[in-house]
Amino acid sequence: INSEPVMIACDDITSPTVSQTSPASGATNIALNSKISVAFSEAVNTSTLNESTFTLSAGGSAVEGTVSNTGVFTPTSELVPNTQYTATITTGVEDLAGNNLASNYVWTFTTSAAVLYYYIDTEVTEGTHYYYSVTAVDKDGKESKPSPVEEGFTKANDNVPSKVPNCSASDGQAGGITVTWGAATNA
């Protein structure tokens, strides 16, 4: 019996896959100032994440923007309201072993009709539940009381702006939570 350690080399031949996108495929009511992000099933060669391999288009026209090596597409200007966007990750993205994405990954999302605002909380711990609320502030500086999420951010009393519509929280970009909301009337 040989007691020497034996080293067995295994070649990585598995292509990376897209494991998560933000916005999610088919999402609607997306804020006009949103960034688009992607996560993969394994570490990818960050030099292969760029404006050629991560694209965004609307109605067949390319959307200008920059791509970070962490998989975040930042549009140069705000997205257009009520528009369906198509994001594409091409087969030019490869993992650390040089395996390319097996096929282009394409997903769509649609922007909101009205301007939505967002906040990205990056001071989060994976697996922990967080609760967010948004208050409205009118032009005179009067602030509504935050309402519980279960009540849909209802108007607190007659001395404050109207409710904050369309408030939602999602696990947007990797390592963060995105809170999105619409503008309150009379704010």
- Message: Going by the rule side chain to side chain contact (heavy atoms under 4.5 Å, CB included), which residues pair with Thr108 if we only count those two or more places apart in sequence or in a different chain?
- Response: Gln84, Thr86
- Item | Exercise: identify the closest heavy-atom pair between Pro23 and Lys35 | CD-O, 4.3 Å
- Note on the structure: Ala58 and Val63 have their tightest heavy-atom pair at N-CG2, 4.2 Å
- Query: Nearest heavy-atom pair of Thr21 and Val18: which atoms, and what distance?
  - Reply: CG2-CG1, 3.7 Å
- State, yes or no, whether a side-chain contact exists between Leu101 and Ser15 at a heavy-atom distance under 4.5 Å. no
- Note on the structure: Between the CG atom in Leu49 and the OG1 atom in Thr90, the distance rounded to the nearest 0.5 Å is 9.0 Å
- Message: side-chain contact (heavy atoms from CB on, under 4.5 Å), that's the test. Do Tyr85 and Ile36 meet it? Break it down for me.
- Response: CA-CA 11 Å; Tyr85 284 86; Ile36 296 79; over 6 Å; no
- Task: Please step through side-chain contact (heavy atoms from CB on, under 4.5 Å) for the pair Thr88 and Phe54, ending with a clear verdict.
- Result: CA-CA 6 Å; Thr88 303; Phe54 190 167; over 6 Å; no
- Nearest-0.5 Å distance that lies between atom CG in Asn99 and atom OG1 in Thr91: 12.5 Å
- Look up atom OG1 in Thr55 and atom CD1 in Ile89, then write down how far apart they are to the nearest 0.5 Å. 7.5 Å
- Message: Let me check something: do Val106 and Val44 share a hydrophobic cluster, defined by ILVMFWY side-chain heavy atoms less than 4.5 Å apart, either directly or through other members?
- Response: no
- Exercise: identify the closest heavy-atom pair between Pro75 and Ser34: CD-O, 3.6 Å
- Task: List the atom of Ser68, the atom of Thr70, and the distance in Å for their closest heavy-atom pair.
- Result: OG-OG1, 2.8 Å
- Note on the structure: Thr111 and Leu32 have their tightest heavy-atom pair at CB-CD2, 3.7 Å
- Item | Donor-acceptor contact below 3.5 Å, side chain Thr53 vs main chain Gly92 | no
- Task: Taking side chain to side chain contact (heavy atoms under 4.5 Å, CB included) as the test, write out the residues that go with Ser103, two or more places apart.
- Result: none
- Hey, could you give me the CZ/OG distance between Phe109 and Ser25, rounded to the nearest 0.5 Å? 10.5 Å
- For side-chain contact (heavy atoms from CB on, under 4.5 Å), just list the numbers for Val38 and Phe73, CA-CA rounded to whole Å, side-chain angles, deciding distance to a tenth of an Å, and then say yes or no. CA-CA 9 Å; Val38 63; Phe73 181 100; over 6 Å; no
- Are Phe40 and Leu96 connected in a single hydrophobic cluster, I mean Ile/Leu/Val/Met/Phe/Trp/Tyr linked by side-chain heavy atoms less than 4.5 Å apart? no
- Task: Could you tell me which residues satisfy side chain to side chain contact (heavy atoms under 4.5 Å, CB included) with Thr48, sequence neighbours excluded, listed by chain and number?
- Result: Asn45, Val93, Glu94
- Separation between CG (Leu79) and CG (Leu56), nearest 0.5 Å, reads 6.5 Å
